[in-house]
Each structure stands twice: as C-alpha cells, then as structure tokens.
Student: 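Can you keep this structure in mind? I'll have questions shortly.
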Amino acid sequence: MPGKPNATTPAERRRLILAAVRAIAAGEVAGYGEVARRAGLPGCARLVARVLSAGDEPGLPWHRVLRSDGRVAFPAGSEGFDEQVQRLRAEGVQVEAGRVRGQRAAPTLDELLWAPPEVPIPPHRR
DNA sequence: ACTCTGACCAGCC
DNA sequence: GGGCTGGCCAGAG
C-alpha cells in the first residue's frame with residue numbers, strides 16, 4: 001500500500017493518545033509528553049493537550065495528566081483546576097498548591113515503560 | 001497558503 | 001528556584 005507506515009492521520013493519533021491516557025492507572029499521574037511517548041508519538045505533547053481540551057471522550061481520566069513539572073495544567077482558580085485537584089485527591093494523590101507530591105510527572109522512563117497495574121498509595125504521608 | 005493560538009516540553013541563562 | 005527561546009502538532013480565521 002502506498003506509504004502510510006505510521007499513524008499520519010489526526011484521527012489515528014487521537015485514538016492512540018486516548019488509549020495512552022486510559023492506560024494511566026488510578027492514583028498515578030503522567031505528563032503530557034510522557035503520554036505522547038507512551039502513545040508512540042514523541043514530541044506531540046501539545047497534541048495531547050489539544051485532545052484533552054476537546055473533552056469528547058466520557059470516562060477519560062484526563063485529570064491524571066499533568067505538566068512535566070508535576071503542576072496542574074490549568075490556571076490556578078479556574079474550574080478545570082479545581083476539579084482536577086479534587087479528582088486527584090479523591091484517588092489518593094497528594095496535591096499541594098496545584099502541584100503533585102510524592103510522584104514524578106515525567107521521570108526517566110527509559111526502562112519503566114508502561115506503568116505497573118497498581119501503585120501502593122500510602123494513607124497519609126508527609 | 002499564512003498567521004495565530006493552545007490543558008506543552010526541553011534547553012539555557 | 002525562575003524566566004526566555006525555540007520547537008512541536010493541529011485547528012480556526
């Protein structure tokens with residue numbers, strides 16, 4: 001077939017990104033760039049952001065996607081910010097001033113690859 | 001076809 | 001720790 005070795009169409013990329021986001025386990029967080037990497041689309045962090053901003057897919061754990069700094073991607077005080085923080089806390093993620101503590105948003109996944117099925121969440125920790 | 005914008009990232013100072 | 005710059009992809013005007 002005339003050359004289409006990879007996902008060159010936006011719809012295909014979008015599907016891959018959605019799958020990668022769904023693959024994030026509860027209590028885990030991932031950066032936009034990391035999600036793009038898992039989707040097989042390195043460098044497409046902005047595309048991930050765009051897909052999430054569409055908000056079409058119901059049940060998508062979009063709140064588990066953070067910036068590479070571990071910060072919430074919404075401006076502090078906005079609705080999206082507030083909701084994302086609450087959702088993360090509901091899953092046991094410790095959020096402090098819009099920033100996730102205890103986990104790395106974008107660690108070196110050189111060997112980590114796909115995340116473990118479940119992560120032990122300490123009940124309370126400081 | 002061009003320009004601007006966006007739930008971004010990595011590098012450098 | 002913070003701020004600037006360039007690069008990135010896709011959609012809207």
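Worth knowing before you read on, the calculation uses all heavy atoms, side chains too, and leaves out hydrogens, waters and symmetry mates. Labels below follow one simple rule: chain letters A, B, ... track the order of the sequence lines, proteins then strands, and each chain is numbered from 1.
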Student: Name all residues meeting the side-chain hydrogen bond (donor to acceptor under 3.5 Å, both in side chains) criterion together with R15(A); count only those two or more places apart in sequence or in a different chain, and write none if there are none.
Tutor: E12(A)
Student: Output the rounded distance in Å from CG (L41(A)) to P (dC9(B)).
Tutor: 15 Å
Student: Between dC9(B) atom P and L52(A) atom CG, what is the distance in whole Å?
Tutor: 11 Å
Student: Does E91(A) use its side chain to pair, donor to acceptor, with the backbone of E28(A) at less than 3.5 Å?
Tutor: no
Student: Quick one: label R99(A) by what it contacts on the DNA or RNA (base, sugar-phosphate, nothing), any heavy atom closer than 4.0 Å.
Tutor: sugar-phosphate
Student: Do V65(A) and V29(A) come within less than 4.5 Å of each other through their side chains, counting heavy atoms only?
Tutor: no
Student: Does a salt bridge link R38(A) with E34(A), judged by any charged N lying under 4.0 Å from a carboxylate O?
Tutor: yes
Student: Quick one, Q84(A) and L66(A) - any side-chain contact, counting heavy atoms below 4.5 Å?
Tutor: yes
Student: Considering every strand and a 4.0 Å limit on heavy-atom distances, what is the contact class for G80(A): base, sugar-phosphate, or nothing?
Tutor: nothing
Student: To the nearest Å, how far apart are L66(A) CG and dC9(B) C1'?
Tutor: 14 Å
Student: Please tabulate, one pair per line, each protein N/O and nucleotide N/O from nucleotides 6-11 of chain C that are separated by under 3.5 Å, including the distance.
Tutor:
{"from": "dC8(C)", "atom 1": "N3", "to": "R46(A)", "atom 2": "NH1", "distance (Å)": "3.0"}
{"from": "dC9(C)", "atom 1": "O3'", "to": "R13(A)", "atom 2": "NH1", "distance (Å)": "2.8"}
{"from": "dA10(C)", "atom 1": "OP1", "to": "R13(A)", "atom 2": "NH1", "distance (Å)": "2.5"}

Student: Donor-acceptor check, side chain of R89(A) to backbone of V95(A), threshold 3.5 angstrom: yes or no?
Tutor: yes
Student: Roughly how many Å is it from OH in Y32(A) to C1' in dG6(B), rounded to a whole number?
Tutor: 11 Å
Student: Is any side-chain nitrogen or oxygen of S78(A) closer than 4.0 Å to OP1 or OP2 of dA7(B)?
Tutor: no
Student: Mark yes or no for whether R14(A), through its side chain, and L47(A), through its backbone, hold a donor-acceptor pair below 3.5 Å.
Tutor: no
Student: Please measure how far the P atom in dG13(C) lies from the corresponding atom in dA7(B), and state the result in whole Å.
Tutor: 15 Å
Student: Measure CD1/I17(A) against C1'/dG6(B) and give the value in whole Å, please.
Tutor: 14 Å
Student: State whether S68(A) places a side-chain N or O below 4.0 Å from either non-bridging phosphate oxygen (OP1 or OP2) of dC9(B).
Tutor: yes
Student: Given dC8(B), is OP1 or OP2 found less than 4.0 Å from the side-chain N or O atoms of R37(A)?
Tutor: no
